[in-house]
> 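Dumping the structure here so I can ask a few things about it.
Note: hydrogens, waters and symmetry copies are ignored here, and every other heavy atom, side chains too, is used. We count ligands from 1, going down the list as the structure has it; atoms in each ligand are counted the same way.
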Amino acid sequence: MNAPREKFSSRLGFVLATAGSAVGIGNLVGFPVNAAKSGGGAFLLVYLVFVFFVCLPVLMAELAMGRHTRSNPVGAYSQISQHQQFWRLTGILKIITPFMIGVFYMVITVWLFGYLVMSLSGQLEYLASPDSFDSYINSPYIFVAMLLVGAMVFLILNSGVQRGIERAAKVLMPSLFIMLLVLVIFVLSLDNAIAGARFFLVPDMTKLNAGVINNALSQAFFSLSLGMGILITYGSYLDKRDNIVKAGSMVALADTTVAFIAGLMILPAVFYFNPQVNTDELSDSSVSLIFVLLPNIFLTLQDTIGYFGAHVVATVFFLLVFFAAITSLVSIIEVPVAYLIDEKNIHRKRALKLLAIIGGALVVMSALSFGLLTTFTEFMTYAGQSKSFFDVIVDVFYDTILPLNGLMVCLFVSFRWKHHHLSQELRLGNNSYAGSWLEKYMSFSLSSFIPVILLLIFCNTVAQKFFAYSLLGF
Ligand code: PHE
C-alpha cells in the first residue's frame, strides 16, 4: 500500500510553493535580458498576451492532469491514456526536459552563489568591472561553488521537498518581492532612467519579428515552469476541494509581476549607466548584462547609504535571488527524482545519487563551455554559428522542446483525455466554472489556436535555430 500522497497545507502554501518554483532566474535574469534584446515594449506586449491567453490554459490543464491522476508526469500520461506507448514516451520527454534544463540552471545558480559570497566579502567593486564576470566564470572557484551548491540541492531533495519548500517560500518570496520594489523605486529616481522605462513599457511595433515571438514564448513557458511536468507534479499534491483556476491564475500573476518588476529595474538601469545606448545594440544582450549591471546598481547606492550599506543590500539581494534559484532548481530536479521513485522503485537517496553523477558530469561540461576547454566551448556548428555545449542544451531543450511539450499537453488534453474530463476536474472546488466563459475558452483554445501557435513556433524555431531559415518570413 502506498502512503497517502502528501498535500499542501493550504491554498496559500500551494500558491507560494508553486510561485517559488516559478519565480527564479527566468524572471530575474532571463526576462530582463530577453526584453532588452527583443525590443523592450514590443516583447513585453507579446509576452503578456502569451502568458494570459496561451500559457494559462496550458498551466491549468497540467494542474488538472496532476490532481486527477495524483501522479508524476509519466504516470499521469500513461494512466489517462491507458498505457499507450506513444503518450508514455511523451511523459518521458517531460522527465528528460527538466533534467537537462536543470543542468544549465545549475550553472547559473552557481554563478549567483559566487556573487553572493563576493558581495558578502566586500568585493562589489571587483564585481562591477566589466571583465570580472568572464574571469569569474572561467576561474577554478566555480568548481568549488559547484560542489557546495550541489550538496545543498542534494540535502534539500533528500529530506523531502514539500514541507521544507512550502515553509521557506512563505518567507522568502514576499521578502524578495518587497526588496525588488524598493530597488525599482531607487533605480527610477536616477537620471535618464525614464528613457529606459519608456523603452520597456511603450511598444515599438517595428521591432516585432519572428525571433521576438519565439523568445517571448520560450520565456513565458520557462518562467511559468510549463512543459516540464512541474505543474503536473505539484497538481498531484492539491486537494479536490482546491480551486485550480484561482490558484493557477494567482501563480501566473505572481510570476508575471516579478518578471515585470525585474524588467522595470534592469532596463532603466541600463539607460542610466549608458545614456547613449543605442537600442539596436541591445539586441546582443546576454546574461552577462545582468551580472555586470547589478553590482553597478549596488555601488551607485553607496552615495545614499554608504559603502557598508551598499554591501548589505547587495548581499541580501543576492541571497534572495539565490534562494529563488534554489527553490526552482529543487523543483526541476524533483521531477526526475519522483519518476525514478514512483516508476522504477528506486529509493530517494539512490535516485539522487544516480542523477547527481550523470547531472554532475553534464554540469561540469557546461561550465567548461565558456572558454576553459575548446572541445566544449566550440562544441558544434549549426546555422553558420559555432555553439558551445551550454548553448546546445539551451537551444535544444529551452527554445525547442519546451513549446513542443506544451503542444503535446494541448493535444493530449483535447484528443485523448477529452475536454469534458478536463472540465469535470476543473469544476471540483469551483462552483462557478460550469458553463462559464472560461470553460468555453479552455475547450476552444486548447484544441484550436493554441496548438496551432505552438506548432508554428516549434517549426519556426527548428528552422531558424538549426538551419538559419525563417519560416514565418519576418
Ligand atoms: N520558472 C523558473 C524560472 O523562471 C525555472 C523553472 C523552470 C522552474 C522549470 C521549474 C521548472 O526561473
Side-chain angles (χ1 to χ4, degrees), residues 14-35 47 50-51 55-56 58-59 62-63 66 72-73 93-112 149 153 156-157 161-162 165 168-169 172-173 176-177 180 215-235 237 248 251-263 266 287 290 320-339 359 393-394 397-399 401-406 409:
F14 166 80
V15 170
L16 287 173
T18 314
S21 157
V23 173
I25 296 171
N27 307 62
L28 301 162
V29 179
F31 180 83
V33 170
N34 270 312
Y47 181 84
F50 275 144
V51 167
C55 295
L56 194 54
V58 179
L59 187 148
E62 285 203 17
L63 286 176
N72 68 75
L93 192 59
K94 282 203 147 176
I95 306 291
I96 299 175
T97 314
F99 180 67
M100 295 306 290
I101 285 195
V103 169
F104 84 74
Y105 212 87
M106 171 86 180
V107 174
I108 303 179
T109 309
V110 166
W111 295 345
L112 278 171
V149 176
V153 173
I156 299 178
L157 282 171
V161 213
Q162 244 45 63
I165 287 199
L172 296 172
M173 283 299 122
L176 176 65
F177 193 72
L180 275 173
N215 283 345
L217 185 79
S218 316
Q219 175 62 31
F221 258 76
F222 181 75
S223 190
L224 292 168
S225 308
L226 284 184
M228 272 182 274
I230 306 271
L231 292 152
I232 298 186
T233 311
Y234 276 30
Y237 302 118
V251 170
L253 195 65
D255 186 71
T256 308
T257 310
V258 174
F260 178 79
I261 296 179
I266 298 295
V287 277
I290 307 289
L320 292 171
V321 177
F322 178 67
F323 273 120
I326 287 279
T327 47
S328 301
L329 189 55
V330 162
S331 74
I332 299 176
I333 303 183
E334 177 63 11
V335 178
V337 172
Y339 164 73
I393 298 186
V394 174
F397 287 94
Y398 168 89
D399 274 314
I401 308 255
L402 272 190
L404 177 68
N405 284 344
V409 174

> So, does Ser21 sit close enough to ligand 1 that a heavy atom of it is under 4.0 Å from the ligand?
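Heavy atoms of Ser21 do come under 4.0 Å of ligand 1.
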> If the test is side chain to side chain contact (heavy atoms under 4.5 Å, CB included), which one of Leu59, Leu231, Val23, Asp255 qualifies with Thr18?
Leu231
> Name the residue from Leu217, Leu56, Leu224 that meets the side chain to side chain contact (heavy atoms under 4.5 Å, CB included) definition with Val51.
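Of the listed options, the one satisfying the test is Leu224.
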> Pull out every atom of ligand 1 sitting under 4.0 Å from any heavy atom of Gly26, numbered as shown with elements.
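By the 4.0 Å cutoff, the relevant atoms are 3 (C), 4 (O), 12 (O).
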> May I ask you to check if ligand 1 and Asn27 share an N or O to N or O distance below 3.5 Å?
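Such a contact does occur with ligand 1.
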> Look at the side chain of Asn27 and the backbone N and O of Gly24, then say whether any donor-acceptor pair between them is shorter than 3.5 Å.
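Side chain of Asn27 to backbone of Gly24: a pair is present.
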> Of all the non-hydrogen atoms in the protein, which one sits nearest to atom 7 (C) of ligand 1, and at what distance?
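The closest heavy atom on the protein side is Met228 CE, 3.5 Å.
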> Can you report which non-hydrogen protein atom sits closest to atom 6 (C) of ligand 1, along with the distance?
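Looking at atom 6 (C) of ligand 1, the protein heavy atom closest to it is Ser225 OG, 3.7 Å.
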> Determine whether a donor-acceptor pair (N or O, by modelled atom type, separation under 3.5 Å) exists between the side chain of Glu62 and the backbone of Ile230.
no
> Taking a cutoff of less than 4.0 Å between a non-hydrogen atom of the residue and any ligand atom, is Ile101 in contact with ligand 1?
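Under 4.0 Å: no for Ile101.
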> Tell me whether the centres of the aromatic rings in Tyr47 and Phe31 are closer together than 6.0 Å.
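Centroid distance Tyr47-Phe31: below 6.0 Å, so yes.
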> I need the atoms of ligand 1 closer than 4.0 Å to a non-hydrogen atom of Ile230, numbered in the order shown.
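With Ile230 as reference, the close atoms of ligand 1 come out as 10 (C), 11 (C).
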> From Leu226 CG over to Ser218 OG, what is the distance, rounded to the nearest 0.5 angstrom?
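Going from the CG atom of Leu226 to the OG atom of Ser218 covers 12.0 Å.
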> Between Ala22, Ser223, Ala19, Ser328, flag the one that comes closest to atom 3 (C) of ligand 1 by a heavy atom.
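It is Ala22 whose heavy atom sits nearest to atom 3 (C) of ligand 1.
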> Please list, in number order, the atoms of ligand 1 under 4.0 Å from a heavy atom of Ile25.
12 (O)
> Taking Tyr105 for its side chain and Ile25 for its backbone only, find out whether a donor-acceptor pair lies under 3.5 Å.
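Side chain of Tyr105 to backbone of Ile25, a donor-acceptor pair under 3.5 Å: yes, one is there.
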> With a heavy-atom distance limit of 4.0 Å, tell me whether Leu329 approaches ligand 1 through its side chain, its backbone, both, or neither.
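It is neither; nothing of Leu329 touches ligand 1.
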> Heavy atom of Tyr105 under 4.0 Å from ligand 1?
yes
> Show me which atoms of ligand 1 lie under 4.0 Å from any heavy atom of Ser331.
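Numbered from 1, ligand 1 contributes 10 (C).
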> Consider side chain to side chain contact (heavy atoms under 4.5 Å, CB included). Of Ile101, Ile401, Thr233, which one does Met228 pass it with?
Ile101
